[in-house]
Amino acid sequence: MKLDLRTALQRDILVGDGAMGTYLYQMGFPVGISYEELNLLRPETVADVHRRYFEAGARLIETNTFSANREKLSKYGLEGDVEAINRAGVELARKAVGDEAYVVGAIGSIRAGKRKNVRTTDVEESLREQIGILLDSPVDGLLLETFYDLEELQLALRIIRSMSELPVICQFANEGTGSTQDGVPLQEAFQRLRNDGADVIGFNCRVGPNGILRSMEKLTPIAGIPFSAFPNAGLPDYVDGHYTYAATPQYFAESALRFADLGARIIGGCCGTTPEHIAAVANALQGYVPAAPGTMASARPVRVSEPAPAKPAPPAGKPSLLEIVKQRKTVIVELDPPRDLDIEKFMQGSKALQDAHVDAITMADNSLAVTRMSNLALGYLVQERLSARPLIHIACRDRNMIGTQSHLMGLHALGIDHVLAVTGDPAKFGDLPGSSSVYDLTSFEIIRMIKQLNEGIAFSGKPLKQKANFVVGAAFNPNVKHLDKAVQRLERKIEAGADYIMTQPVYDAKLIEQIYEATKHLNIPIFIGIAPLASGGNAEYLHNEVPGIRLSDEVRERMNGLKGSEGRAMGVEIAKELLDAAMPFFNGIYLMTPFLAYEMCVDLTKYVWEKSNRHDFHLYPLSK
């Protein structure tokens with residue numbers, strides 16, 4: 001006889017199911033429809049998905065009711081079908097697995113994304129309606145998932161507790177930070193939910209295994225409260241008109257054991273996961289004996305404040321990167337803008353890189369669709385306070401044609417003339433998933449438009465009173481199955497007007513030589529990307545979760561299990577070996593700084609100068 005859910009969680013680890021929406025998408029159902037309506041329109045398909053996850057080893061099945069509330073269904077004109085969709089969702093899951101698995105009613109956040117400002121009374125009414133219907137159906141518990149704010153999650157939990165004593169699982173969408181989106185520390189948020197009657201508390205969506213592991217590591221035990229973990233299959237990539245996810249089933253299997261060690265009693269998957277991922281998790285956890293819930297402890301990182309950098313002398317002139325790279329080895333270093341309002345460490349890192357004589361400091365434009373401080377503002381500060389050259393990325397995602405031209409005109413007025421044109425990761429997978437992805441321009445079109453400004457012509461075709469002088473870079477991902485096709489795409493960017501190329505990070509010396517052979521016919525410089533690894537976890541995250549990055553088996557093996565200073569030291573050692581492989585073929589070196597650990601890139605920059613026997617720093621001052 002099946003144990004009740006609470007008892008089962010005290011004794012065993014339950015394998016949860018995987019994604020419903022993205023799996024339906026893979027099956028051919030388009031983005032933009034109500035996947036919950038398929039409970040009525042295509043019940044056999046929804047039931048088949050549940051059955052596949054059960055056969056893969058899942059023993060906790062979520063109903064296909066995540067967005068089946070009045071507020072969200074109204075987007076599709078389905079507000080009158082709330083009851084029918086929810087009841088059908090429970091019935092399909094129950095028929096698919098019978099009494100051999102636990103069925104939990106899935107309830108999602110209403111305020112996520114564009115509905116953040118929905119009135120509390122409307123949120124409460126929608127939640128109460130859906131909760132009542134699910135509680136009146138044969139569920140073993142309820143799952144509150146993908147909530148960003150503690151306030152809304154507590155509201156939903158209190159409604160449930162006013163109506164039922166069924167087990168409740170509460171899950172935040174978090175990016176590895178130490179607090180909820182409304183600023184409540186995670187430890188405090190978990191304690192409040194426990195006090196309100198939560199049976200399990202954890203995380204799902206937003207990030208892959210690495211991000212959720214970081215969140216869990218920030219928590220200390222809460223007596224009697226097991227954790228749950230439902231990560232995405234890494235970060236999504238948009239390839240040939242389709243969304244894809246990189247994390248492999250094997251990576252999920254390895255991550256499942258780490259989740260279990262940290263106290264997770266329910267482990268499944270979210271966006272991008274498939275029955276294959278769940279099967280790998282189930283196999284990995286066979287025979288695993290969990291500790292008592294709430295017995296795992298984790299260390300908290302300590303933030304060390306650092307002195308503010310000194311303001312340098314005013315800038316002087318210097319040649320463009322194109323002129324420099326024709327004559328000698330040239331190093332540009334990427335430094336991530338902060339995700340908060342504190343720029344101290346960013347500026348300190350920029351100063352250290354300037355002192356190491358890098359040729360430019362480059363800043364991404366909200367990479368991975370995660371909100372960061374404006375790279376235009378930081379580029380100006382780097383230029384004015386440090387006399388260093390900024391190289392600014394410009395993503396097609398965030399601005400329409402009006403905003404893009406305005407942005408470029410502002411860069412011109414500030415004297416910032418080196419830019420990198422990129423497509424940009426889709427907004428729906430960032431920290432503000434309700435934001436629009438604009439994409440008025442492709443990466444090819446934005447390159448042409450920027451070069452049009454250099455002719456003194458606006459995007460509209462009207463003449464401007466001056467000509468801009470932008471040096472425009474294009475991105476290149478060589479970590480692909482068919483390198484020749486990637487080079488063909490690159491050739492189109494050069495035809496559009498690209499002046500230089502910056503590649504994704506490469507972690508294979510043989511691939512570096514292959515890139516050279518495949519691109520040596522091109523007549524513009526290539527800056528080969530090298531990103532030092534900070535730890536074994538960082539290596540696995542990049543390999544399994546970040547689109548466009550692949551690590552060799554040798555590199556992953558060397559980084560395996562390393563962390564802290566040992567991890568950074570090995571990461572620098574591997575990067576130096578890659579530099580040794582790259583420097584005979586490429587004058588341009590593009591270093592990417594992990595986690596603002598700028599000391600690593602300072603070390604690597606000095607290594608480039610030593611290997612190239614460079615002593616002519618007085619001829620190429622860092623100033624603009």
Side-chain angles (χ1 to χ4, degrees), residues 16-23 25-26 31 56 145-146 171-177 202-217 229-240 242-259 264 267-281 284 336 364 366-370 397 423-431 433 437 477 479-481 504-507 531 533-553 555-556 559-560 592 594-595:
D17 58 8
M20 175 62 76
T22 57
Y23 194 52
Y25 170 76
Q26 290 179 36
V31 173
E145 59 177 343
T146 323
Q171 294 188 152
F172 286 106
N174 187 268
E175 302 167 7
T177 63
F203 303 97
N204 77 290
C205 205
R206 286 294 301 112
V207 292
N210 183 70
I212 289 183
L213 282 165
R214 291 204 314 270
S215 295
M216 291 178 65
E217 288 167 352
F230 285 73
N232 288 350
L235 299 169
D237 198 5
Y238 193 65
V239 180
D240 297 330
H242 296 281
Y243 293 110
T244 62
Y245 291 79
T248 64
Q250 177 58 33
Y251 179 61
F252 254 66
E254 295 166 359
S255 300
L257 293 172
R258 297 173 66 192
F259 286 133
I267 303 172
C270 203
C271 299
T273 56
T274 66
E276 288 73 26
H277 291 87
I278 300 307
V281 170
D336 281 336
N366 299 321
S367 62
L368 303 179
V370 174
R397 174 196 59 236
T423 302
D425 306 286
K428 67 178 294 184
F429 300 112
D431 61 341
S437 291
N477 177 21
N479 301 300
V480 292
K481 185 175 182 180
Q504 288 274 37
V506 181
Y507 290 97
L533 300 163
S535 66
N538 176 222
E540 290 304 306
Y541 167 69
L542 292 174
H543 179 76
N544 286 284
E545 300 191 37
V546 178
I549 297 181
R550 280 289 177 269
L551 276 64
S552 67
D553 291 340
V555 168
R556 293 171 64 197
M559 292 299 301
N560 185 35
M592 288 158 252
F595 310 115

- prompt: Between A284 and L257, which heavy-atom pair has the shortest distance, and what is it?
  reply: O-CD2, 3.4 Å
message: If I take atom CD1 from residue I267 and atom CZ from residue R258, how far apart are they, to the nearest 0.5 angstrom?
response: 12.0 Å
query: What pairs of residues pass the salt bridge (Lys or Arg N to Asp or Glu O under 4.0 Å) test when at least one of them lies in residues 534-552, not counting sequence neighbours?
result: E540-R556
field: Partner set under side-chain contact (heavy atoms from CB on, under 4.5 Å) for V506, not counting sequence neighbours
entry: P478, T503, L511, I512, I515, I528
Nearest non-hydrogen partners of A427 and S437, listed with the distance: N-OG, 2.8 Å
message: Let's go through L235 and Y541 carefully: what are the C-alpha distance in whole Å and the side-chain angles of both, what is the deciding distance for side chain to side chain contact (heavy atoms under 4.5 Å, CB included) to 0.1 Å, and is it a yes or a no?
response: CA-CA 10 Å; L235 299 169; Y541 167 69; 3.4 Å; yes
query: Is there side-chain contact between K428 and Y243, with heavy atoms separated by less than 4.5 Å?
result: yes
query: Looking at residues at least two apart in the chain, or sitting in another chain, which of them share a salt bridge (charged side-chain N to carboxylate O under 4.0 Å, His left out) with R214?
result: none
field: H277: partners by ring-ring contact (aromatic ring centres under 6.0 Å, His included), with sequence neighbours left out
entry: F252
field: Side-chain heavy atoms of F595 within contact of N538, under 4.5 Å
entry: yes
Least distance between heavy atoms, C205 atom then C271 atom: SG-SG, 3.8 Å
Check: F230 and E145 side chains under 4.5 Å, non-hydrogen atoms: no
Heavy-atom closest contact (C270 atom, N204 atom, distance): SG-ND2, 3.7 Å
message: Testing the basics here: between G548 and N479, what is the closest heavy-atom pair and its distance to 0.1 Å?
response: O-ND2, 2.9 Å
task: Working to the nearest 0.5 Å, report the span between CD of Q171 and CD1 of I212.
output: 8.0 Å
message: If you compare all heavy atoms of D425 against all heavy atoms of A369, which two are closest, and at what distance to 0.1 Å?
response: O-CB, 3.8 Å
- request: Under the side-chain hydrogen bond (donor to acceptor under 3.5 Å, both in side chains) rule, what do Q250 and T248 come out as? Steps first, then yes or no, please.
  value: CA-CA 5 Å; Q250 177 58 33; T248 64; over 6 Å; no
- request: Give, for atom CE of M559 and atom CG of L551, the distance between the pair rounded to the nearest 0.5 Å.
  value: 9.0 Å
- prompt: Is the side chain of N174 donor-acceptor paired with the backbone N or O of G176 at a distance under 3.5 Å, no angle test?
  reply: yes
task: Determine, stepwise, if the pair Y251 / N210 fulfils side chain to side chain contact (heavy atoms under 4.5 Å, CB included).
output: CA-CA 10 Å; Y251 179 61; N210 183 70; 4.0 Å; yes
- prompt: Who are the side-chain contact (heavy atoms from CB on, under 4.5 Å) partners of A173, not counting sequence neighbours?
  reply: T146, Y148, R206
message: Side chains of V555 and L533, heavy atoms from C-beta outward: is any pair under 4.5 Å?
response: yes
task: Could you tell me the separation between the CG atom of D237 and the CG atom of N477, rounded to the nearest 0.5 Å?
output: 7.5 Å
- request: Go through the steps to decide whether Y245 and T273 satisfy the test side chain to side chain contact (heavy atoms under 4.5 Å, CB included), and finish with yes or no.
  value: CA-CA 8 Å; Y245 291 79; T273 56; over 6 Å; no
message: The criterion is ring-ring contact (aromatic ring centres under 6.0 Å, His included); which residues satisfy it with F172, sequence neighbours excluded?
response: none
